[in-house]
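To start, the structure under review is shown below, and the notes come after it.
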Number of protein chains: 4
Amino acid sequence: MSAGEGEASDAIQLSGAARRKRESRRKLMAAARKLFVERGYHETRPQDISREAGVGHGTFYLHFEDKLDCFLAFTEEAADELHVFVETHHAVAGSIEEGIRELLTAIFEYSDENPGVLAAALTDVSVLSTGDTGRRMPVDRWAEVWSELLEKWKETGEAAPDLDVRMAGYLIVGAIKQGGAYGYRRKLDRTKMIEGMTRLFVRALKK
Amino acid sequence: MSAGEGEASDAIQLSGAARRKRESRRKLMAAARKLFVERGYHETRPQDISREAGVGHGTFYLHFEDKLDCFLAFTEEAADELHVFVETHHAVAGSIEEGIRELLTAIFEYSDENPGVLAAALTDVSVLSTGDTGRRMPVDRWAEVWSELLEKWKETGEAAPDLDVRMAGYLIVGAIKQGGAYGYRRKLDRTKMIEGMTRLFVRALKK
Amino acid sequence: MSAGEGEASDAIQLSGAARRKRESRRKLMAAARKLFVERGYHETRPQDISREAGVGHGTFYLHFEDKLDCFLAFTEEAADELHVFVETHHAVAGSIEEGIRELLTAIFEYSDENPGVLAAALTDVSVLSTGDTGRRMPVDRWAEVWSELLEKWKETGEAAPDLDVRMAGYLIVGAIKQGGAYGYRRKLDRTKMIEGMTRLFVRALKK
Amino acid sequence: MSAGEGEASDAIQLSGAARRKRESRRKLMAAARKLFVERGYHETRPQDISREAGVGHGTFYLHFEDKLDCFLAFTEEAADELHVFVETHHAVAGSIEEGIRELLTAIFEYSDENPGVLAAALTDVSVLSTGDTGRRMPVDRWAEVWSELLEKWKETGEAAPDLDVRMAGYLIVGAIKQGGAYGYRRKLDRTKMIEGMTRLFVRALKK
DNA sequence: CATGAATGAGACTTCATTCAT
DNA sequence: GATGAATGAAGTCTCATTCAT
């Protein structure tokens with residue numbers, strides 16, 4: 001059973017040490033996500049993460065350069081996860097209206113399953129650190145996803161031809177972020193939010 | 001001692017102590033704005049603000065409950081200033097298209113004259129403090145301004161009747177915040193940004 | 001009595017705050033000296049110094065940039081004190097033999113009254129920090145004192161004319177440092193050490 | 001397994017394990033020397049030494065009790081090497097003047113071939129550890145070499161009969177250490193330094 | 001009202017050493 | 001013998017806030 005790991009995993013045979021390290025990182029990532037979401041960046045100390053993960057304080061620094069590095073790893077993980085959700089909703093396939101509705105649905109479903117994660121991951125890093133980190137932030141990734149979709153719809157003639165897709169991508173992400181926070185606070189009905197946003201976005205973008 | 005209070009102008013004839021206090025606060029507010037904008041909330045210490053203001057460290061706490069209180073005072077000041085700009089553009093008066101354009105113009109003009117202030121003032125306070133502060137944040141004030149306008153246009157039949165004006169207010173503020181940051185980073189042309197945003201917003205909201 | 005401080009001190013009238021600060025620094029310096037001498041640089045933590053001085057941990061950093069800065073302040077104080085001892089022995093006045101004997105006597109007397117201080121103050125800073133500190137070290141100060149004396153004796157024709165006084169200054173300081181440590185460890189008689197060293201140095205330097 | 005021990009040459013026929021161990025130690029010693037010289041004791045971590053040596057971190061502790069033990073092994077190695085240099089210059093053979101010049105030449109030649117090693121090896125161990133290590137330090141070894149030579153010259157009547165050879169040994173080592181550091185910093189000419197020092201030492205010691 | 005020295009909890013991080021593999 | 005992940009005590013330093021003057 002322990003031989004070969006059973007699955008055709010991407011690391012066919014992990015030596016003991018490497019496996020332990022992976023396991024530590026996994027625990028740290030889970031702990032970091034939990035605490036960043038619950039308490040926010042500044043209220044979470046590296047040692048809290050270590051304790052929550054059940055590893056020593058020093059282990060934290062074996063896996064992350066510093067606290068910010070850990071936070072960025074968290075945001076990237078969240079971005080990756082959301083990406084999977086989005087892909088299963090193949091927003092790309094349909095019309096502009098369907099596409100937008102699917103994308104929003106994916107986002108809200110992810111948020112339901114992972115409450116608070118998106119809000120935490122979208123924390124503006126410039127609030128956390130001076131100086132450029134050199135890393136691409138979730139906001140940018142998500143804005144780009146939208147931009148690409150809009151570009152496609154522009155090509156198919158569904159979206160307004162005079163659209164600046166880059167700017168529109170950021171406008172949409174900003175709107176969703178702020179609107180989502182508002183809806184979450186007011187405990188608005190998810191379906192209604194999706195419908196409302198879809199209507200606005202479609203009208204704004206459609207030819 | 002109490003003489004001078006209650007007169008028509010609040011600047012006329014303040015007793016020495018009261019005048020000094022007012023003067024201290026003015027200097028502290030100016031220093032706080034400068035540093036919050038330049039360095040951000042977490043990189044600015046009360047001591048820095050006091051030194052920049054040219055007053056003693058203790059004086060800071062004569063005027064503000066704590067650091068967060070000072071930051072909120074800054075955001076409120078910024079909100080008040082923007083409000084003046086907005087009023088001079090009487091967005092209220094015209095059609096939905098004119099109104100939106102005027103409002104955006106007011107915002108961008110303010111941002112030109114006060115670079116970085118809006119971005120700093122819109123910092124999500126939940127990133128700064130856990131508990132509720134009980135104070136209304138700029139985001140909420142600005143979302144409400146938009147809501148009221150939208151409500152008006154709904155009544156005049158210019159805006160779509162099925163519009164959730166509260167939600168739309170937040171969506172717009174979020175879009176402007178994120179889009180503005182993007183445009184500032186990319187050094188986009190102001191007029192083009194205003195035009196692009198106006199077009200999108202009008203299409204989204206118009207009947 | 002408290003008025004005017006009684007003495008024609010260099011700070012005729014110290015305001016309360018300034019006096020408190022001075023007092024803190026005095027206590028910190030005394031504590032630092034005690035601990036650097038007893039335990040050495042690396043075994044002494046800033047918080048040990050603060051506790052020994054009876055002030056808060058933060059006060060330490062009000063007076064010293066960092067731990068190294070504190071250590072350097074200690075060495076400078078020791079250098080100043082030794083300087084006073086040396087001056088009262090007016091080594092300068094007499095012949096080369098008298099001069100050297102007086103200087104060594106001053107050094108050993110200071111060491112008797114301040115056991116361990118010279119050894120601690122002569123700690124090679126390059127062992128403590130990479131990078132140049134930009135500060136002149138006691139070793140250099142003391143080497144220079146010797147150099148100047150030798151130069152004088154060269155002029156009066158008492159010292160060998162082919163003497164490199166700079167180099168000789170360092171050789172002497174190195175010899176005293178190492179020889180002193182040896183004598184201290186072996187608990188040698190002070191007078192005998194002075195006589196022995198004087199004899200050697202005089203022979204080495206005399207014309 | 002024990003076969004091969006006790007043979008004429010200790011290099012012939014070591015079992016695989018023993019050979020590997022020896023090889024590891026050699027690599028660790030070389031790495032330790034490099035880093036202690038370049039960065040100093042406190043700036044060098046066992047991990048750095050292991051990495052530089054290309055062995056695992058744990059291997060370090062198979063060969064050295066702790067970091068200080070490794071440093072002392074380094075100083076002893078340096079002392080052994082210098083000893084070889086000194087012996088090839090048979091300082092013992094000649095007159096006091098020749099002897100001193102030869103010894104200094106040996107030291108400076110070694111320093112040229114091994115820049116920084118003597119300075120690093122002469123680091124005062126009391127700065128590194130509080131308790132006595134029970135090991136004889138390079139300073140003591142080198143002071144003793146000088147003492148023995150002086151004793152011999154005393155017997156041949158070349159050195160002053162009233163000389164305390166132990167103390168003189170330490171004085172000379174201290175002088176060379178400090179003078180060498182000064183000369184190195186000032187990039188003085190080696191030959192001139194040797195000549196200058198020889199002259200001073202000879203005058204000081206000669207009958 | 002104003003000051004600025006003092007505070008000390010607590011933040012982040014390092015590193016000599018151990019130990020399971 | 002060799003490895004390197006893990007450890008956690010200990011280190012240095014910061015900073016929001018208080019309080020005696």
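Throughout, protein chains are lettered first and strands after them, A, B, ... in sequence-line order, and every chain is numbered starting at 1.
- D:Leu28 has its CG atom 13 Å from the P atom of F:dG4, to the nearest Å.
- The only option from A:Lys27, A:Arg33, A:Arg45, A:Lys34 that meets the salt bridge (Lys or Arg N to Asp or Glu O under 4.0 Å) definition with A:Glu52 turns out to be A:Lys34.
- Nearest nucleotide to the side chain of C:Tyr61, out of F:dT3, F:dT12, F:dA5: F:dT12.
- Without hydrogens or angle criteria, B:Lys21 side chain to B:His63 main chain gives no donor-acceptor distance under 3.5 Å.
- Side chain of A:Thr44 to backbone of A:Gly40: a donor-acceptor contact under 3.5 angstrom is found.
- At the heavy-atom level, A:Ser24 lies under 4.0 Å from the strands shown only through sugar-phosphate atoms.
- If A:Thr59 and C:Gly58 are placed on DNA chain F by their nearest nucleotide, the residue sitting closer to the 5' end is A:Thr59.
- Remark on DNA chain E: of its neighbouring residues A:Phe60 and A:Arg20, the 5'-side contact belongs to A:Phe60, judged by nearest-heavy-atom nucleotide.
- You'll find that the side chain of A:Lys67 is closest to E:dC12, out of E:dA9, E:dC12, E:dC1.
- Per the geometry, CZ belonging to B:Phe71 stands 18 Å off P belonging to F:dC15, to the nearest Å.
- The side chain of A:Arg45 approaches E:dC12 more closely than any other nucleotide in the set F:dT3, E:dC12, F:dT12.
- With a cut-off of 3.5 Å on both Watson-Crick or G-U wobble distances, the partner of F:dT21 is given as E:dA2.
- Residues B:Arg26 and B:Glu23 are paired through a salt bridge, judged by an N-O separation under 4.0 Å between the basic side chain and the carboxylate.
- Base pairing analysis places F:dA9 opposite E:dT14; the two distances defining the Watson-Crick or G-U wobble pair are each below 3.5 Å.
- One interatomic measurement links the two molecules: CZ of C:Arg25 to P of E:dA6, which rounds to 12 Å at whole-angstrom precision.
- In this structure, B:Thr44 and D:Val55 both approach DNA chain F, and ranking their closest nucleotides by distance from the 5' end singles out D:Val55.
- With E:dC12, E:dG4, F:dT12 as the choices, the nucleotide that has an atom nearest any side-chain atom of A:Pro46 turns out to be E:dC12.
- Taking side-chain N and O atoms only, C:His57 has no distance below 4.0 Å to OP1 or OP2 of E:dA6.
- For C:Leu62 and F:dT18, the CG to P distance is 18 Å, given to the nearest whole Å.
- At least one donor-acceptor pair closer than 3.5 Å links the side chain of B:Ser50 to the backbone N or O of B:Pro46.
- Annotation: of the two residues near DNA chain E, A:Gln47 and D:Glu65, the 5′-most nearest-nucleotide partner is A:Gln47.
- The nearest whole Å value for the distance from the CG atom in D:Asp66 to the C1' atom in E:dC15 is 14 Å.
- Between B:Asp48 atom CG and F:dT14 atom C1' there is a gap of 11 Å when expressed in whole angstrom units.
- Atom pair B:Glu23:CD and E:dT3:P shows a separation of 12 Å (rounding to whole Å applied).
- The aromatic rings of D:Phe74 and D:Phe36 lie tilted to each other, with the angle between the two planes from 30° to 60°.
- Following rounding to the nearest Å, A:Ile49 (CD1) and F:dA6 (P) show an atom-to-atom distance of 16 Å.
- Among E:dA5, E:dC1, E:dC12, the nucleotide with an atom closest to any side-chain atom of C:Lys21 is E:dA5.
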